[in-house]
K.L.:
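Just passing along the structure, written as structure tokens.
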Amino acid sequence: MADKKTHDGSVLVIGLGRFGSAIASSLARSERDVLAVERNPELVALWAGRVALVEADATNPVALEQLGVRDYPTAVVAVGSHLEASVLITGNLVDMGVEQIWAKAISNEHARILERIGAHHIVRPEVEAGERVAHLVSGKLLDYIDVEDGFTIVKMRPPRELEGFTLAQSRVRTKYGVRVVGVKSPGLEFRYAEPETRISVNDTLIVAGHPDLLDRFSRRP
């Protein structure tokens, strides 16, 4: 078995459907060490030469052992539509002691099962994408990142009431309970926000806070 140090920072992606192939190809483009595992020979042929991959059945723990899965610190179970396979693969990875397991779920029940058997992170791409788009189309938001329960970061255009004033003068945190953490002006580098930072009409703001408060702030005219 390979020395675990040779796989530090490496990611194992199991399943090359739309979700898994997007993750694997993105990691490969960023020059991360990634190995994809897929049992469908048609998908293997499609992605051969584009990402490092092997054809194997990840529901079989013997196959995973042969691949040296224990040496990978991070694994993504991108098999979502076949619940039984998803659960078996995740259980195999848990038994092998993989440090970080990300697993795709297609329903609340599926997510609960994956969490109970030991997946560290549950991903529901369709639900999360839908929620993100809903936020983006409802106000001045340009991007939306839900970091964890009760804390979100957004990129947005400034409300008119901030234009021409410093953050100290506009009292954003006091009035709206959110914090402007950065400002990007056209043609200038990003800068961290200070009380004396003056906001212009064409600026882009990075704002952090509770999602409900951010939604209220982003709806200001």
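Since the structure is predicted, the reported quantities are computational estimates derived from the model, not experimental observations.
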K.L.:
If you round to the nearest 0.5 Å, how far is CD1 of Ile101 from CG of Leu93?
P.N.:
5.0 Å

K.L.:
Tell me if the NE2 atom of His210 is crowded by more than 12 foreign heavy atoms within 6.0 Å.
P.N.:
yes

K.L.:
Between Val76 and Ile117, is there a shared hydrophobic cluster once you connect ILVMFWY residues whose side-chain heavy atoms come closer than 4.5 Å?
P.N.:
no

K.L.:
For atom CZ of Arg191, is the number of surrounding heavy atoms from other residues, nucleotides or ligands below 6.0 Å larger than 12?
P.N.:
yes

K.L.:
Atom CG in Asp33, atom CG in Leu27: separation rounded to 0.5 Å?
P.N.:
10.0 Å

K.L.:
Angle between ring planes, Tyr176 versus Phe217, binned at 30° and 60°: parallel, tilted or perpendicular?
P.N.:
tilted

K.L.:
Take atom CZ in Arg198; do more than 12 heavy atoms of anything else shown fall under 6.0 Å from it?
P.N.:
yes

K.L.:
Going from CG on Leu16 to CG on Leu43, what distance comes out if it is rounded to the nearest 0.5 angstrom?
P.N.:
6.5 Å

K.L.:
Of Asn202, Leu141, Thr204, Leu205, which is the lone residue that meets side chain to side chain contact (heavy atoms under 4.5 Å, CB included) with Arg157?
P.N.:
Thr204

K.L.:
State whether the number of non-hydrogen atoms from other residues, nucleotides or ligands found under 6.0 Å of Glu196 atom CD is greater than 12.
P.N.:
yes

K.L.:
Nearest 0.5 Å please: distance from the CG atom of Leu88 over to the CG atom of Leu83.
P.N.:
9.5 Å

K.L.:
CZ of Arg39 to CG of Asn60: how many Å apart, nearest 0.5 Å?
P.N.:
10.5 Å

K.L.:
Looking at Arg219 and Asp215, is there a salt bridge between them, counting it only when a charged N and a carboxylate O are closer than 4.0 Å?
P.N.:
yes

K.L.:
Same cluster or not: are Val51 and Val37 linked, directly or through other Ile, Leu, Val, Met, Phe, Trp or Tyr residues, by side-chain heavy atoms under 4.5 angstrom apart?
P.N.:
no

K.L.:
Can you tell me if CD on Glu55 sees more than 12 non-hydrogen neighbours from other groups inside 6.0 Å?
P.N.:
yes

K.L.:
I'd like to know whether CH2 of Trp102 has more than 12 heavy-atom contacts from other residues, nucleotides or ligands below 6.0 angstrom.
P.N.:
no

K.L.:
Could you list the residues that satisfy salt bridge (charged side-chain N to carboxylate O under 4.0 Å, His left out) with Lys175, not counting sequence neighbours?
P.N.:
Glu161

K.L.:
Do other residues, nucleotides or ligands put more than 12 heavy atoms under 6.0 Å from the CZ atom of Phe190?
P.N.:
yes

K.L.:
Give, for atom CD1 of Ile14 and atom CG of Leu53, the distance between the pair rounded to the nearest 0.5 Å.
P.N.:
13.0 Å

K.L.:
Can a donor-acceptor pair be found between the side chains of Ser21 and Arg50 at a distance below 3.5 Å?
P.N.:
no

